[in-house]
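Keep in mind that this is a model prediction, so the values were computed, not measured. Throughout, protein chains are lettered first and strands after them, A, B, ... in sequence-line order, and every chain is numbered starting at 1.
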Amino acid sequence: MSNDTTRAGRAGAIAARAAPAAAETYKDGSQDSAVTGFALLLPAIALYAAFSLLPILVTIWISFTNSGGFNTQAEFVGFDNYLRATQDPIIWQSLLRTFLWLIYHVVLAGGLGLLMALAISAMSRGRVFFRTALFLPHLVSLAVVGVIWANIYDPFYGLLNTVLQNIGLGGWIRGWLSEPMLVLFSVNVASSWQGFGLYMLLFIAGLQNIDRSLYDAADVDGATAWQKLVHVTLPGLRDVMTFVISLALINGLKGFATVFVMTNGGPFYASEIITTYIYRLAFSAQDHGLAAVLCIMMSILAITITVTFNRWRARGAA
Amino acid sequence: MTKPKGLALALGLLTSVVMAPAAYAQTLTVWGSEQQSDPLVAELWEEIATSFEAKHDGVSVEYMAPTGNISNGAVQAAIQSNAGPDVLLTNSGIGRVTIVAEAGLVLPLSDQYAEYGWDTKLYPWLYEELKTQFDGELYEVPDGIDAIGLWYHKDLFEQNGWSLDGGWADFTATLDSIRGAGMEPIAVGVRGCCNGGHLFGNFLQAAAGSEVMGHVMKGEVQWADPAPLSGAQNLIEAVKAGYISPQMTGLDQDAAIRLWVNKRAALFVGGPWFIGNVRQNGYDVANLGYAPIPSDLPEGSRPTGGVGWSWMVPTSSDQPELAFAWIDHMLSDEIMTLRAEHPTGNQMMSRDLPDIQPAVAVMSEVYAAAAEGVGYNPSVYIPGAALDTYYQVIGGLIGGQVSAGDGMAQIDARMGD
């Protein structure tokens with residue numbers, strides 16, 4: 001008799017012994033249990049419906065209307081808003097900038113998080129201090145971060161240009177928030193500075209889970225620090241990296257506050273991303289119909305990016 | 001008296017004592033002046049509240065700190081949250097008021113104009129202008145009029161022999177001289193809303209005049225027509241000549257004011273509210289000079305403006321009747337004079353007050369500049385749907401990202417939305 005057969009037989013016997021008990025439970029109160037279970041779930045379902053499902057459905061409905069605000073009569077306009085969306089060049093430009101914003105965020109915040117995690121893990125002393133100090137920006141509100149960095153970037157009094165001037169790098173002085181090719185990157189630096197602390201903590205946790213014996217073996221094989229990083233550390237961080245990139249993509253898509261505070265989408269739309277344009281349409285122009293279309297577009301974008309990335313990672317892992 | 005009866009009487013008395021104030025106490029929540037963070041301004045507004053409370057028994061006034069305005073959606077958000085004020089004072093003008101009126105967020109006020117006689121408490125031309133909007137319906141009660149012009153440092157101008165008299169060529173010669181002295185000729189905070197609009201409105205006024213701009217505001221003349229277009233072109237030329245740094249697109253209004261207050265810039269374009277800003281920054285207001293932007297047009301130089309701030313009553317107001325009474329209080333001679341003569345009095349009142357003595361000397365210059373009327377500040381007049389485009393185009397003109405023709409065409413395209 002093979003091991004598999006033995007295991008199957010044992011499982012069958014256990015199932016047979018468990019069956020009467022299960023049937024009794026079912027016989028004793030099957031209907032009551034179902035009702036009770038549903039009743040217990042009801043508050044959660046109601047909250048989910050009220051705060052997630054209903055807003056989604058209302059947003060979809062608004063996208064088919066000419067709604068101009070919460071208190072106005074909205075008329076059904078079919079696909080007019082969707083058609084308008086295809087004809088508005090700012091939407092497509094802001095979509096492109098949103099992709100750029102995502103890439104910047106993943107590279108800057110995720111990259112900085114990884115670098116700082118590696119640096120802190122390599123320290124023999126002061127780990128707690130640096131871990132705490134570097135995480136602190138994450139506790140600051142994004143709006144406040146925006147104000148702080150707008151002052152750092154001030155072309156006349158800002159810290160950045162002043163330091164560059166004083167260390168003899170006057171040629172590097174820029175209008176960080178006024179040059180169209182630079183502004184989105186500059187704002188993203190501020191946003192990433194606020195966000196990298198969380199990713200750093202996740203990477204530190206990942207580093208602590210890597211088997212130390214792999215480093216010992218690498219040492220025995222005479223591996224350099226670089227080789228250990230490439231062949232031991234980074235492969236060991238694979239799962240954490242997947243999680244961090246997914247999180248960074250989602251957080252990147254939510255980017256709004258720093259852009260809104262620091263540039264309001266300007267100059268001349270050079271830093272307009274999809275979320276700031278949604279806000280502008282909904283609350284400045286009161287064009288809720290078109291804003292709702294963009295919300296739906298953004299949701300589809302978020303789902304597509306996340307699913308595609310996770311499938312790509314899953315295929316890579318297989 | 002038996003024991004139970006006595007107890008019941010005592011309970012009844014106690015209940016009436018406890019309940020009486022609750023039954024009659026009313027709170028009027030007011031979204032007040034943005035400058036109330038200034039202690040002197042706060043003191044004035046407390047005096048106004050006390051005066052109102054004295055006239056309305058059991059009413060207490062609570063000020064709500066404004067979190068923004070209609071242009072950035074803060075007012076709409078506050079009203080729609082139903083946690084908003086009973087009455088609000090905010091940046092107005094038809095462009096902004098349309099947004100909240102069409103969304104049904106503010107109450108129509110024509111009946112109250114008739115009931116309280118508010119039409120007689122405003123400049124006649126101002127009331128007539130309001131009546132041409134919304135098919136005669138009224139949604140706002142103007143609190144003050146803006147008069148946007150050029151602010152300069154009196155001492156620097158005297159020392160260097162600079163002047164803002166004369167026509168456009170004299171103006172550019174002065175700007176050249178300022179630039180030659182190593183200063184930024186004009187500071188403007190283009191980032192965010194408004195201040196870029198103040199500057200551009202002045203350039204349009206200087207080039208096209210108030211009559212043409214009036215037609216542009218009403219959609220009767222295109223933005224891309226030669227007269228306003230020349231204003232946009234003048235702005236581009238001013239940037240090219242170094243009168244306005246492209247770096248200004250990275251500054252907000254506060255940063256631009258800082259540049260001016262520290263005398264790194266010679267001119268700032270703004271309304272009388274600028275007095276409050278510079279005083280808060282420790283600047284000596286006696287050194288403030290004011291002049292409208294020079295122009296070669298026959299009508300001469302004029303500040304731009306229109307309705308600067310207005311009172312409105314949200315549809316979500318819990319105390320609409322008290323809100324109307326508050327507005328009436330604000331329009332009274334007592335309060336208008338108090339505000340105009342207060343050391344923080346930095347706005348033109350919405351009706352003629354011939355006998356007032358402004359505490360801030362430069363306000364006399366503002367009143368004199370606006371004596372012939374004010375031109376149009378487009379930020380106040382153009383529809384909400386076009387307003388963002390307007391601000392973005394200004395940034396594009398200063399930043400060199402869009403030509404005058406394309407920029408004006410983009411505003412035109414949004415005017416009909």
Side-chain angles (χ1 to χ4, degrees), chain A residues 66-74 84 87-90 93 143 146-147 149-151 153-158 161 173-183 186-187 259-272 276-288 290-291, chain B residues 68 70-77 79-82 96 98-100 102-106 184 187 190-193 196 245-252 254-256 258-259 262 264-265 315-316 383-389 391-402 407 410 414 417:
Chain A
N66 61 355
S67 169
F70 287 106
N71 299 341
T72 53
Q73 294 293 321
R84 285 170 59 212
Q87 293 164 346
D88 186 342
I90 299 165
Q93 289 164 17
V147 174
W149 278 84
N151 281 294
Y153 287 140
D154 185 305
F156 299 97
Y157 293 106
N161 280 354
I173 286 177
R174 288 281 175 277
W176 303 100
L177 297 180
S178 59
E179 292 185 22
M181 298 301 287
L182 203 56
V183 59
S186 303
V187 177
V259 177
F260 189 73
V261 171
M262 293 175 73
T263 65
N264 200 22
F268 197 55
Y269 305 110
S271 60
E272 190 86 281
T276 53
Y277 198 49
I278 289 172
Y279 181 89
R280 208 183 291 288
L281 286 169
F283 297 109
S284 291
Q286 297 286 312
D287 190 346
H288 287 211
L290 190 54
Chain B
I70 294 172
S71 300
N72 62 22
V75 166
Q76 297 91 306
I79 297 174
Q80 286 167 348
S81 72
N82 278 333
R96 297 178 181 124
T98 299
I99 295 171
V100 286
E102 287 189 350
L105 296 175
V106 291
E184 292 291 332
V190 180
R191 186 158 63 81
C193 86
S245 165
Q247 303 243 21
M248 298 294 172
T249 57
L251 294 189
D252 63 8
D254 288 341
R258 188 166 57 208
L259 203 61
N262 291 330
R264 283 186 66 173
T315 43
S316 58
L387 201 55
D388 269 321
T389 306
Y391 289 132
Q392 293 288 352
V393 165
I394 295 166
L397 292 172
I398 296 174
Q401 295 155 269
V402 66
Q410 287 198 22
R414 288 280 181 171
D417 286 353

### Query
Is it the side chain or the backbone of Arg96(B) that comes within 4.5 Å of chain A heavy atoms, both, or neither?
neither
### Task
Write down the atom of Met262(A), the atom of Trp149(A), and the distance for their closest heavy-atom approach.
CE-CB, 3.6 Å
### Message
Given heavy-atom pairs under 4.5 angstrom as the criterion, report whether the side chain, backbone, both or neither of Thr389(B) touches chain A.
### Response
both
### Task
For chain A, find which of Gly395(B), Ala77(B), Gly396(B) contributes the most heavy-atom pairs closer than 4.5 angstrom.
Gly396(B)
### Query
Can you name the closest pair of heavy atoms from Gln76(B) and Ile70(B) and give their distance?
NE2-O, 3.1 Å
### Gln392(B) and Ile90(A), any side-chain heavy atoms less than 4.5 Å apart
no
### Task
Under 4.5 Å heavy-atom distance to chain B, tell me which part of Asp88(A) shows up: side chain, backbone, both or neither.
side chain
### Part of Val183(A) within contact of chain B (heavy atom distance under 4.5 Å)
neither
### Task
Could you list the residues that satisfy ring-ring contact (aromatic ring centres under 6.0 Å, His included) with Tyr279(A), not counting sequence neighbours?
Phe256(A), Phe260(A), Phe283(A)
### Segment of Val393(B) engaging chain A (4.5 angstrom heavy-atom cut-off)
both
### Task
Please look at Leu387(B) and chain A and tell me whether the side chain, the backbone, both or neither of the residue comes under 4.5 angstrom of a heavy atom of that chain.
neither
### Query
Glu184(B) and Ser245(B): which non-hydrogen atoms are nearest, and at how many Å?
OE1-CB, 3.6 Å
### Query
Can you find a side-chain donor-acceptor pair between Tyr157(A) and Asn262(B) that sits under 3.5 Å?
yes
